[in-house]
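Quick notes on the structure that follows.
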Protein chains: 2
Amino acid sequence: MKKIDIFKKLRSSGLRPTKQRVEIAKFLFERDKTFHFTVESLNKLLEKKTTFKFALATIYNTVHAFKNAGHLNEVDVRGKKTYFDTNIINHHHFYDNETSELIDIDAKEIVIQKIPKAPNGKKIKNVEVFINLKN
Amino acid sequence: MKKIDIFKKLRSSGLRPTKQRVEIAKFLFERDKTFHFTVESLNKLLEKKTTFKFALATIYNTVHAFKNAGHLNEVDVRGKKTYFDTNIINHHHFYDNETSELIDIDAKEIVIQKIPKAPNGKKIKNVEVFINLKN
DNA sequence: TCCTAGTTTATAATTATTCTAAAGTAAATA
DNA sequence: TATTTACTTTAGAATAATTATAAACTAGGA
């Protein structure tokens with residue numbers, strides 16, 4: 001993804017392409033594989049990667065802005081920290097409890113044959129499968 | 001579940017049946033349906049239900065002791081608070097984001113036809129399905 | 001009954017996250 | 001281009017959930 005596309009991506013979501021947002025967006029979206037992170041891990045990686053300095057609050061703000069714009073997914077993981085995923089296409093996860101690591105599973109790798117009806121007055125928004133791993 | 005069984009349950013898990021543990025165990029396990037809670041909600045319910053006074057730390061300690069003994073399940077839910085479930089049999093959940101409510105789904109209600117292999121050197125511990133609900 | 005290891009308790013500490021309000025900046029307007 | 005304005009960033013304070021601490025308490029064995 002080129003810089004020009006980053007600008008487009010931000011503008012089309014109503015986000016001003018500030019220096020901080022562009023830097024973070026480049027870091028998150030200019031990659032081939034999907035990327036899983038917490039705000040803390042992203043912060044550390046940004047510190048290493050760029051000379052630019054970001055307030056922690058800015059990283060929170062930016063990540064949430066990207067999430068609200070649909071550029072990031074928040075992932076259900078038990079625990080204190082919130083995980084995000086640059087893969088916004090519907091998919092599932094392995095979760096390795098030993099390393100606290102998430103691994104994407106393509107939606108087509110899991111086929112569910114039978115599923116219950118949503119309770120009264122509710123609809124199914126989405127189905128997430130978590131495969132917990134052990135050694 | 002009778003009081004005698006509560007004592008047995010605690011003793012057989014190596015937990016001394018203290019007043020606090022017995023009270024909390026009675027509250028959690030003497031029910032027909034499974035029960036979902038957070039430490040905060042449990043604390044509030046105990047305040048109403050019993051005249052007994054519990055330190056918040058005791059509720060944390062006790063819930064974790066019960067979890068470690070296998071009498072409670074911790075449930076993967078996104079968000080700040082940790083959810084627990086008195087249903088320790090393998091099963092799945094509806095999660096209602098509007099009300100932050102969990103609803104059990106019997107394991108047999110969901111049939112998975114195809115599932116990927118665990119990554120290198122890892123094994124599958126368990127599979128959890130989350131059905132997120134909307135109105 | 002006495003002793004001891006395990007438990008409870010109040011409080012402090014920690015951790016992740018959100019809030020605040022002042023200073024900075026993108027971009028619309030004149 | 002200069003000015004204005006609304007949006008952003010920032011450092012630090014505030015909040016919320018949870019865990020740690022260390023002193024007081026208690027169950028159960030000697």
Side-chain angles (χ1 to χ4, degrees), chain A residues 3-4 6-27 36-47 50-69 71-72 74-84 100, chain B residues 3-4 6-27 36-47 50-69 71-72 74-84 100:
Chain A
K3 194 170 184 180
I4 188 78
I6 294 281
F7 270 73
K8 236 186 255 174
K9 184 170 205 155
L10 294 175
R11 282 240 173 70
S12 68
S13 341
L15 296 169
R16 278 191 193 169
T18 62
K19 271 189 268 184
Q20 290 84 341
R21 284 176 179 163
V22 171
E23 284 299 306
I24 295 174
K26 278 167 69 184
F27 184 77
H36 295 100
F37 62 96
T38 64
V39 168
E40 191 201 14
S41 72
L42 177 59
N43 187 34
K44 279 185 188 158
L45 290 168
L46 286 171
E47 276 177 2
T50 72
T51 51
F52 209 93
K53 205 184 140 287
F54 301 89
L56 187 56
T58 300
I59 300 179
Y60 274 99
N61 289 342
T62 305
V63 166
H64 283 124
F66 289 177
K67 181 197 142 197
N68 292 335
H71 304 314
L72 288 174
E74 192 177 334
V75 186
D76 290 326
V77 179
R78 156 168 66 208
K80 290 184 203 171
K81 290 182 200 163
T82 305
Y83 282 71
F84 295 91
S100 302
Chain B
K3 195 172 184 177
I4 189 76
I6 294 281
F7 271 73
K8 235 186 255 173
K9 184 170 205 155
L10 293 176
R11 283 240 173 69
S12 69
S13 340
L15 297 169
R16 278 194 193 167
T18 62
K19 270 189 268 184
Q20 290 83 343
R21 284 176 179 163
V22 171
E23 284 297 310
I24 295 175
K26 278 167 68 183
F27 184 78
H36 296 98
F37 62 95
T38 64
V39 168
E40 192 202 14
S41 71
L42 177 59
N43 186 34
K44 278 185 189 158
L45 290 168
L46 286 171
E47 275 177 3
T50 72
T51 51
F52 209 93
K53 204 184 142 287
F54 302 89
L56 186 57
T58 300
I59 299 179
Y60 274 99
N61 289 342
T62 304
V63 166
H64 283 123
F66 289 176
K67 180 198 144 195
N68 292 334
H71 303 314
L72 288 174
E74 192 178 334
V75 185
D76 291 327
V77 179
R78 157 168 63 209
K80 290 184 201 169
K81 290 181 199 165
T82 306
Y83 282 71
F84 295 91
S100 301

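By convention in this document, chain letters (A, B, ...) are assigned in the order of the sequence lines, proteins followed by strands, and residues within each chain are numbered from 1. Heavy-atom basis, side chains included; hydrogens, waters and symmetry copies ignored. Here the structure is a predicted model, which is why all the values come from computation and not from measurement.
With a heavy-atom cut-off of 4.0 Å to chain B, the contacted part of DNA chain C has its first and last nucleotide at C:dA5 to C:dT18.
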| task | Let me have a per-nucleotide readout for nucleotides 2-11 of chain D, 5' to 3', with B, S or -, counting only protein heavy atoms under 4.0 Å. | result | ----BBSBBB
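Sequence order on DNA chain D of the closest nucleotides to B:Tyr83 and B:Pro17 puts B:Tyr83 first from the 5' end.
A:Lys19 and A:Glu23 are not joined by a salt bridge, as no carboxylate oxygen comes within less than 4.0 angstrom of a charged side-chain nitrogen.
The main-chain N or O of B:His64 is found under 3.5 Å from a side-chain atom of B:Asn68 such that the two form a donor-acceptor pair. For A:Arg21 (side chain) and A:Thr62 (main-chain N/O), no donor-acceptor pair under 3.5 Å exists by modelled atom type. The closest donor-acceptor contact from the side chain of A:Ser41 to the backbone of A:Phe37 lies at 3.5 Å or more, if one exists at all.
The ring pair (Phe, Tyr, Trp, His ring centres under 6.0 Å) search around A:His71 returns none, not counting sequence neighbours.
With a 4.5 Å cut-off on side-chain heavy atoms, A:Phe52 and A:Leu46 do not count as touching.
Distance, B:Asn68 CG to D:dT19 P: 11 Å, rounded to whole Å.
Between the CG atom in A:Leu45 and the OG1 atom in A:Thr50 there is a gap of 10.5 Å [rounded to 0.5 Å]. Once rounded to the nearest 0.5 Å, the distance linking CD1 of A:Ile6 with CD1 of A:Ile24 reads 11.5 Å.
Across all strands shown, A:Thr82 has heavy atoms under 4.0 Å from sugar-phosphate atoms exclusively, and none from any base.
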